[in-house]
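Okay, structure first, notes after.
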Protein chains: 2
Amino acid sequence: MVKKNDSLERCFCDVIHEDVVRKVKSKMPKEETLYDLAELFKVFGDSTRIKILWALEEAEMCVCDIAALLNMTQSAISHQLRVLKQAKLVKNRKEGKVVYYSLDDEHVRAIFQQGLAHINE
Amino acid sequence: MVKKNDSLERCFCDVIHEDVVRKVKSKMPKEETLYDLAELFKVFGDSTRIKILWALEEAEMCVCDIAALLNMTQSAISHQLRVLKQAKLVKNRKEGKVVYYSLDDEHVRAIFQQGLAHINE
DNA sequence: GCAACATATGAACAGTTGCTCACATATTCA
DNA sequence: TGAATATGTGAGCAACTGTTCATATGTTGC
């Protein structure tokens with residue numbers, strides 16, 4: 001295949017569609033924004049975390065409650081809650097030994113709804 | 001730690017919060033639904049696929065156009081388009097040698113918007 | 001202080017993912 | 001038919017992910 005730039009192989013479509021590609025390129029958000037968006041959806045891309053978020057939408061719960069609800073170990077839940085907290089999707093408050101987690105974002109429900117709308121097509 | 005059922009360790013919170021856990025459990029969607037939801041978001045959880053979807057929101061494009069736009073190999077893009085198509089997020093039409101891809105879902109924009117809303121907090 | 005409890009965390013391990021590379025398939029045109 | 005073009009795909013691989021296990025941290029009540 002013909003080399004048309006210094007790094008990657010190209011096809012002739014690029015030349016034909018050059019204006020379209022340039023237009024789309026100019027409208028793309030910043031690389032960093034798209035990366036952050038992917039990182040956010042990556043957090044949603046695990047069924048354990050989805051379950052935790054869905055549960056916390058119903059009620060504030062402590063770590064072992066969630067573990068019992070999902071029939072998983074406390075350790076596994078704790079690890080996932082850490083991921084969710086880093087993504088600023090959940091927050092927690094401490095009451096003695098017990099740490100209660102709750103949702104920290106009003107978009108979670110909307111994101112779930114849109115996702116479900118796609119699945120139920 | 002005390003064994004309180006046949007499979008997993010439990011804490012005493014479960015007993016105290018038993019009613020809350022049961023209430024939440026009764027309100028949870030089907031296991032399968034939550035799994036499918038996670039699978040969908042997993043598709044959104046990669047910056048290459050996010051970029052492709054964002055690009056296709058602007059214009060229908062062929063494989064090599066997308067490859068040129070994102071400065072990636074045709075093969076890498078083709079692999080990812082396959083994933084997006086299996087998730088029913090994109091569709092394609094063939095015109096001679098060239099295969100044009102476009103969005104196949106009206107929820108993509110809404111999902112992106114909600115994701116961005118969370119990021120820009 | 002110490003025993004019991006609730007949670008957090010690091011290491012390890014198996015399973016998954018996204019890219020590259022080589023090659024297959026499909027279409028056009030001379 | 002055969003060369004050129006555009007796309008699809010399987011194998012291989014380095015990197016990442018989610019769980020388990022052992023253990024650490026922090027809190028309560030005696």
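Letters A, B, ... are given to chains in the order of the sequence lines, protein chains preceding strands, and every chain is numbered from 1.
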Taking any heavy-atom pair under 4.0 Å as a contact, classify Tyr100(B): base, sugar-phosphate, or nothing.
nothing
For dT27(C), does OP1 or OP2 lie under 4.0 Å from any side-chain N or O of Lys94(B)?
yes
Considering only side-chain heavy atoms of Met72(A), which listed nucleotide, dT19(D), dA6(D), dA6(C), is closest?
dT19(D)
Closer than 4.0 Å, any side-chain N/O of Ser75(B) to the OP1 or OP2 of dC19(C)?
no
OP1 or OP2 of dA8(C) versus the side-chain N and O atoms of Tyr101(A): is any pair under 4.0 Å?
yes
Interatomic distance, Phe12(A) CZ vs dT28(C) C1' [rounded to whole Å]
14 Å
Report yes if at least one side-chain N or O of Ser78(A) is closer than 4.0 Å to OP1 or OP2 of dT7(C); otherwise report no.
no
Stacking here means centres under 5.5 Å and planes under 30°; does His79(A) stack on dT9(C)?
yes
Gln86(B) CD to dT17(C) P: how many Å, rounded?
11 Å
Could you state the interatomic distance from CG (Leu37(A)) to CD (Glu32(A)), rounded to the nearest 0.5 Å?
12.0 Å
Go through the N and O atoms of the side chain of Gln74(A) and the base of dA8(C), and report whether any donor-acceptor pair is under 3.5 Å.
yes
Do Tyr100(A) and His17(B) make the cut of ring centroids closer than 6.0 angstrom?
yes
His17(A) NE2 to dT5(D) P, in whole Å, measures 16 Å
Taking only side-chain N and O atoms of Thr48(A), does any of them lie within less than 4.0 angstrom of OP1 or OP2 on dT19(D)?
yes
Map Glu95(A) and Arg49(A) onto DNA chain D by nearest heavy atom, then report which one ends up closer to the 5' terminus.
Arg49(A)
So, is Arg82(A) close to the dT9(C) phosphate, meaning a side-chain N or O under 4.0 Å from OP1 or OP2?
yes
Hey, which of these two, Gly96(A) or Asp46(A), hits DNA chain D nearer its 5' end, going by closest nucleotide?
Asp46(A)
